[in-house]
Amino acid sequence: QVQLVESGGGLVQAGGSLRLSCAASGGSFSNYAMGWFRQAPGKEREFVAGITWDGASYLNADSVKGRFTISRDNAKNTMALQMNSLKPEDTAIYYCAAARNGGIPTMSRLYNSWGQGTQVTVSS
């Protein structure tokens, strides 16, 4: 099973940008669809964006469309989330996850492996 480690979180002002990275090891990265989820205090974990095993298709949550871009590099076993025009409501812990499923699962229970999370804080 693949192991995942996120990086790139931090504190940014509203309107700013951050780039999150997810590094995978211990498995065949290209066998997995990948996703980004986030969880704010007192809220449930929610789907942010996902990408197919080959990077050919992606899906964004409505709340981040036009602002966030997901990408992956199977040669480097990495995935990224470019976040632009950040808003205070984007503040959360962001998790990368891997799913041995076809398509792009949006439900967290369909993901097999999770990273430890990285904090993103957007100040107003």
Side-chain angles (χ1 to χ4, degrees):
Q1 201 162 356
V2 66
Q3 288 82 49
L4 305 171
V5 178
E6 304 95 337
S7 61
L11 173 64
V12 64
Q13 288 189 332
S17 299
L18 280 175
R19 184 177 179 86
L20 305 183
S21 296
C22 176
S25 63
S28 298
F29 180 67
S30 60
N31 286 345
Y32 294 85
M34 297 295 295
W36 286 99
F37 287 76
R38 66 186 181 186
Q39 188 165 19
K43 295 187 177 181
E44 293 187 354
R45 191 169 297 189
E46 65 173 356
F47 174 82
V48 174
I51 191 166
T52 51
W53 67 273
D54 58 356
S57 298
Y58 64 89
L59 179 67
N60 290 337
D62 288 344
S63 58
V64 306
K65 280 181 180 177
R67 301 189 298 122
F68 291 10
T69 302
I70 188 171
S71 61
R72 68 186 294 164
D73 185 337
N74 285 350
K76 297 181 178 179
N77 290 350
T78 58
M79 176 179 66
L81 185 69
Q82 178 66 42
M83 305 187 295
N84 299 328
S85 301
L86 283 161
K87 305 175 181 180
E89 51 263 43
D90 294 319
T91 295
I93 299 175
Y94 283 70
Y95 300 88
C96 70
R100 296 207 67 163
N101 291 286
I104 304 172
T106 59
M107 292 184 289
S108 59
R109 64 178 178 86
L110 296 179
Y111 284 79
N112 312 102
S113 300
W114 292 83
Q116 82 288 351
T118 186
Q119 177 71 48
V120 171
T121 303
V122 184
S123 63
S124 57

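FYI, the numbering just counts along the sequence from 1. The structure presented is a predicted model; accordingly, all values stated were derived computationally and were not measured.
Y32 and L59 fall into different hydrophobic clusters, where Ile, Leu, Val, Met, Phe, Trp and Tyr side chains are chained together by heavy-atom contacts under 4.5 Å. By the criterion of side-chain heavy atoms lying less than 4.5 angstrom apart, applied directly or through intervening Ile, Leu, Val, Met, Phe, Trp or Tyr residues, F47 is not grouped with M79; the two fall into different hydrophobic clusters. Residues W36 and V2 share a single hydrophobic cluster, defined by chaining ILVMFWY side chains whose heavy atoms lie under 4.5 Å apart. Transitive grouping of hydrophobic side chains (ILVMFWY, heavy atoms separated by less than 4.5 Å) brings L18 and V64 into a common cluster. Both L81 and V12 belong to a single network of hydrophobic side chains, linked directly or stepwise wherever heavy atoms of I, L, V, M, F, W or Y lie under 4.5 Å apart.
The closest donor-acceptor contact from the side chain of R67 to the backbone of S85 lies under 3.5 Å. N74 places no side-chain N or O within donor-acceptor distance of the main-chain N or O of D54, the cut-off being under 3.5 Å. When atom types are taken as modelled, the side chain of T52 and the backbone of S57 share a donor-acceptor pair closer than 3.5 angstrom. Side chain of E6 to main chain of Q116: a donor-acceptor pair is present (N/O by atom type, distance under 3.5 Å, no hydrogens or angles).
For the atom pair OG1 of T106 and CG of N60, the computed distance is 12.5 Å after rounding to the nearest 0.5 Å. Considering CZ of R19 and CG of N84, their distance stands at 10.0 Å, rounded to 0.5 Å. From M83, atom CE reaches atom OG1 of T69 across 11.0 Å, with rounding to the nearest 0.5 Å. Here CZ of R72 is found 9.0 Å from CH2 of W53. Values are rounded to the nearest 0.5 Å. Interatomic distance, S7 OG to Y94 OH, rounded to the nearest 0.5 Å: 15.0 Å. Rounding to the nearest 0.5 Å gives a distance of 14.0 Å between NZ of K87 and OG of S124.
Considering all non-hydrogen atoms of both residues, A24 and L4 come closest at CB-CD2, 3.7 Å. Nearest heavy-atom pair, Q1 versus N112, reported as atom, atom and distance to 0.1 Å: NE2-O, 2.6 Å. Nearest heavy-atom pair across L110 and A99 is O-CB, 3.5 Å. Shown here for A92 and Q119, the closest heavy-atom pair between the two residues is O-NE2, 3.4 Å. Scanning all heavy atoms of the two residues, the minimum distance from G103 to A33 falls at O-CB, 3.4 Å. For the pair C22 and M34, the tightest heavy-atom approach, listed with the atom from each and the gap, is SG-CE, 4.2 Å.
Relative ring orientation between F37 and Y111 is described as perpendicular, the plane-to-plane angle rising above 60° on a 0-90° scale split at 30° and 60°.
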* Asked: So N31 and R100, side-chain contact (heavy atoms from CB on, under 4.5 Å) or not? Walk me through it.
  -> CA-CA 7 Å; N31 286 345; R100 296 207 67 163; 3.6 Å; yes

* To do: I would like to know whether V122 and E89 meet side-chain contact (heavy atoms from CB on, under 4.5 Å); could you show each step before the answer?
  => CA-CA 8 Å; V122 184; E89 51 263 43; over 6 Å; no

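A 4.5 Å side-chain heavy-atom check between R38 and S63 finds at least one atom pair inside the cut-off.
Ion pairing of K65 with D62 is present here, as a side-chain N (NZ or NE/NH1/NH2) and a carboxylate O approach within less than 4.0 Å.
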